[in-house]
Q: 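The structure's right below; bear with me while I get my questions together.
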Amino acid sequence: MSLKQKTNELKKRMQEALLGGGVKAIEKQVAMGKMTARERIIALVDEGSFHEYDLFVEHTGKDFDMDKKHLPGDGVVTGTGSISGHPVCIFAQDFTVAGGSLGLMHARKITKIMDHAMKLQIPLIGINDSGGARIQEGVNSLAGYGEIFFRNTQSSGVIPQISVILGPCAGGAVYSPALTDFVFVVENISKMFITGPEVIKSVLGEQISMEELGGARVHSEITGNAHFYALNELECFEQIKRLVSFIPWNNAKKAEAFPTKPPKSKLYNINKFFPTDPKQPYDVRNIIKAISDDSDFFEVQELFAPNIIIGFGRLKGETIGFVANQPLVLAGVLDVDSSDKAARFIRYCDAFSIPLVTLVDLPGYLPGVDQEHAGVIRHGAKMLYAYSEASVPKITIILRKAYGGGYIAMCSRHLRADFVFAWPTAEIAVMGPEGAANIIFRNEIKNAENPEEMRKQKVAEYKEKFANPYVAAANGYVDAVIAPEDTRHFLIHALEISTHKNVMIPHKKHGIPPF
Ligand code: HXC
């Protein structure tokens, strides 16, 4: 055979393989409102950058007539490419081939690209669309998952790992995304659960749809398993591209620096959004936008535990991780879910050298039987652990309330914030003036001729003494009381001089965080 003939044969083989499960299966995929595996990759990466490997891998299963079946590429597409010039390793399960089910060779393709990502020190993106462990391949499928989970764990904190759920992700398969850094879901397309509706019906007699059990909204709002929610696949890919622009390729590199852009001060002005009445709620996202470059804030887990806001922005071109209490929701209290949400984000930023800026305005931890029984002690402790452990530059700004355990937990000086700034509106105390006066002046109030008048007087006395930033500043717990409009200036300076921050971490194999 001539070179031309051989090349033609290659092209023919490729054409067949690239058709995946065939025209009918592709039509079914499209009818479900889904793109095919390769279309997804092409839509996500830079034009012309995708290079596919292991196209001709064949499955090895023989039982249950599997030896008579041809599964092109064994149901998964793997390769490398770039996103806005950032290199990535990528895999996408192909549901048109045996439902994207994971057999031995399918798993080997995934683990091979995972190993590449670690070796090349670049992010890994996994697009999940699969019926789970390939039932006909038995323990070999389970072994495949185990190998993936092990690599997810080894890669954790070394390279960014991104999971995209674009179809079913059922059974133990869900644990790979759960071990990765960010999970993206899409309305009506993503379905994640350990046991599906059928099993639930037969074991518990409960009836529930796949969407209600493990749809995109459920994982974005209730479980917190998902970090980004999109209405369609293309929107989801735009979100991934945006995320990739904020994070570094690996834990030895800094995130890409962008040209500095001032905030859009006409739209986002602190005076416009920060209320004069200390009891009035406001949207802390507007404060973040008022201080960050180009007023650009990319929120993470927007729909989950909205009493705390987390996400990425930039200051003088450098990526920053923002953590902020949200006075609009439950007055910004810390609770089980918000502690989980923030603690994980803090650890992510710390692992990937992203400085942390914390904005504080909270009345403390949420009281109540539900919270106590849900383990607010253990979950709340995650915040303390994450902030104490983080060695990236940590800068805290106390905007308004910083009461009780909440004051300590929100990256106080005591958890080793490098700089703590307070606005003149800050109130740093064990609790709010009303609660405090009722406890410490109980007898005076009870025995007064006019108890209500006395209560008001004592509240005012307490406010005068403690509801301000100056007692904390007098003790050196606050480094500077600053005018709100100077916040960006103080932050940028603090970050610039923290560039070579170096802290001694006690020698240990690893700590034991309150997981
Ligand atoms: C083998 C599978 C498969 C699987 C789907 N298929 N899942 N083949 N093993 N796990 C095949 C189907 O037989 C079918 O093949 C094709 O993929 C498309 O599937 P359909 O059922 O026709 O598609 P749909 O109606 O859209 O339903 C999708 C589905 C359903 C909801 C995912 O297929 C399903 O319930 N599958 C099983 C899900 C599951 O229980 N997985 C958990 C396995 S245990 P043909 O040839 O007809 O086109 C597990 C444990 C891992 O994952 C543990 C790791 C720790």
Side-chain angles (χ1 to χ4, degrees), residues 182 220-221 224 226-231 235 238-239 242-243 245-247 258 261-316 318-335 337-346 348-349 354-363 383 395-402 406 410-411 421 423 425-426 484-488 490-492 495:
F182 297 104
S220 304
E221 288 177 3
H227 300 83
F228 296 97
Y229 167 88
L231 290 174
E235 187 189 0
E238 288 309 312
Q239 291 174 342
R242 206 150 133 66
L243 173 67
S245 78
F246 279 105
I247 59 178
F258 280 66
K261 280 190 179 169
K264 294 175 176 151
S265 53
K266 279 198 184 127
L267 277 176
Y268 298 100
N269 183 307
I270 292 174
N271 291 326
K272 190 165 131 193
F273 293 112
F274 191 70
T276 40
D277 175 356
K279 286 195 175 135
Q280 203 180 315
Y282 60 94
D283 189 342
V284 76
R285 285 174 288 207
N286 289 328
I287 308 295
I288 297 173
K289 289 177 186 174
I291 54 181
S292 53
D293 284 13
D294 204 27
S295 299
D296 185 23
F297 177 55
F298 184 49
E299 193 170 344
V300 177
Q301 285 190 303
E302 187 180 343
L303 302 173
F304 179 66
N307 40 326
I308 204 152
I309 300 289
I310 56 172
F312 300 106
R314 291 190 183 89
L315 283 167
K316 220 176 170 199
E318 304 276 347
T319 296
I320 302 294
F322 284 98
V323 179
N325 307 118
Q326 173 58 295
L328 267 191
V329 183
L330 293 170
V333 284
L334 283 176
D335 58 4
D337 285 345
S338 61
S339 301
D340 267 2
K341 171 178 164 178
R344 195 170 185 278
F345 182 70
I346 293 161
Y348 180 85
C349 291
I354 297 173
L356 285 160
V357 169
T358 304
L359 305 186
V360 186
D361 187 351
L362 84 165
M383 288 279 287
I395 301 157
T396 301
I397 303 162
I398 304 175
L399 312 186
R400 214 164 57 169
K401 293 190 273 294
M410 290 301 291
C411 203
F421 303 125
W423 286 3
T425 44
E485 61 266 29
D486 292 337
T487 305
R488 180 174 157 88
F490 269 85
L491 277 175
I492 288 175
L495 286 163

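Residue numbers run from 1 in the order of the sequence given. No experiment lies behind these values; they were computed from the predicted model shown.
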Q: What pair of heavy atoms forms the shortest contact from V360 to K401, and how long is it?
A: CG1-O, 3.8 Å

Q: To the nearest 0.5 Å, what is the distance between CG (L359) and CZ (F421)?
A: 12.5 Å

Q: Would you say T425's side chain and L399's backbone share a donor-acceptor pair under 3.5 angstrom?
A: yes

Q: Quick one: does M410's side chain get under 4.5 Å of L362's, heavy atoms only?
A: yes

Q: Do E485 and S265 come close enough that some side-chain heavy atom pair is under 4.5 Å?
A: no

Q: Please report the interatomic distance CD1(I287) to CZ(F273), rounded to the nearest 0.5 Å.
A: 8.0 Å

Q: Identify, with sequence neighbours excluded, every residue that meets salt bridge (charged side-chain N to carboxylate O under 4.0 Å, His left out) alongside D340.
A: K382

Q: Taking it one step at a time, do S292 and Y268 satisfy side chain to side chain contact (heavy atoms under 4.5 Å, CB included)?
A: CA-CA 10 Å; S292 53; Y268 298 100; over 6 Å; no

Q: According to salt bridge (charged side-chain N to carboxylate O under 4.0 Å, His left out), who are the partners of K279, at least two apart in sequence or on a separate chain?
A: E434

Q: With sequence neighbours left out, write down each residue that passes salt bridge (charged side-chain N to carboxylate O under 4.0 Å, His left out) with E238, or none if nothing qualifies.
A: K241

Q: Within a 6.0 Å radius of atom NZ on K272, are there more than 12 heavy atoms belonging to other residues, nucleotides or ligands?
A: yes

Q: Return yes if some donor-acceptor pair links the side-chain N/O of N307 with the main-chain N/O of V329 below 3.5 Å, else return no.
A: no

Q: For I310 and A342, which heavy atoms make the closest approach, and how far apart are they?
A: CG2-CA, 4.1 Å

Q: Does C411 offer a backbone N or O that forms a donor-acceptor pair with the side chain of T396 under 3.5 Å?
A: yes

Q: If you define the side chain from C-beta out and look only at heavy atoms, does anything of V284 sit under 4.5 Å from L328?
A: no

Q: Scan the side chains in residues 295-305 for donor-acceptor partners under 3.5 Å anywhere in the protein, sequence neighbours excluded, and list what turns up.
A:
unit_1: S295; atom_1: OG; unit_2: K264; atom_2: N; d: 2.8
unit_1: S295; atom_1: OG; unit_2: K289; atom_2: O; d: 2.8
unit_1: D296; atom_1: OD1; unit_2: R242; atom_2: NH1; d: 3.3
unit_1: D296; atom_1: OD1; unit_2: R242; atom_2: NH2; d: 2.9
unit_1: D296; atom_1: OD2; unit_2: R242; atom_2: NH1; d: 3.4
unit_1: E299; atom_1: OE1; unit_2: R285; atom_2: NH1; d: 3.1
unit_1: Q301; atom_1: NE2; unit_2: G224; atom_2: O; d: 2.9

Q: List the residues meeting side chain to side chain donor-acceptor pair (under 3.5 Å) with Y282, not counting sequence neighbours, and say none if there are none.
A: D361

Q: Rounded to the nearest 0.5 Å, what's the gap from CD1 on I308 to CD on Q326? Could you check?
A: 10.0 Å

Q: Between I354 and F246, is any pair of side-chain heavy atoms under 4.5 Å apart?
A: no

Q: Would you mind reporting whether L491 and I320 have side-chain heavy atoms less than 4.5 Å apart?
A: no

Q: Taking C-beta and beyond as the side chain, do F322 and I309 meet within less than 4.5 Å on heavy atoms?
A: no

Q: Would you mind reporting whether I395 and F490 have side-chain heavy atoms less than 4.5 Å apart?
A: no

Q: Do the side chains of V333 and P363 get nearer than 4.5 Å, heavy atoms only?
A: yes

Q: If the threshold is 4.0 Å, N to carboxylate O, is there a salt bridge linking D293 and R488?
A: yes

Q: Given the side-chain rings of F345 and F312, with only the six-membered ring counted for Trp, is the space between their centroids under 6.0 Å?
A: yes

Q: With sequence neighbours excluded, tell me which residues meet salt bridge (charged side-chain N to carboxylate O under 4.0 Å, His left out) with E221.
A: R217

Q: Between S339 (side chain) and M383 (backbone), is there a donor-acceptor pair under 3.5 Å?
A: no

Q: Could you pull out the closest heavy-atom pair between R400 and P275, with the gap in Å?
A: NH1-CG, 3.7 Å

Q: Report the distance from atom CD1 of I270 to atom CG of D486, rounding to the nearest 0.5 Å.
A: 9.0 Å

Q: Closest heavy-atom contact between Y229 and Q239?
A: O-NE2, 2.9 Å

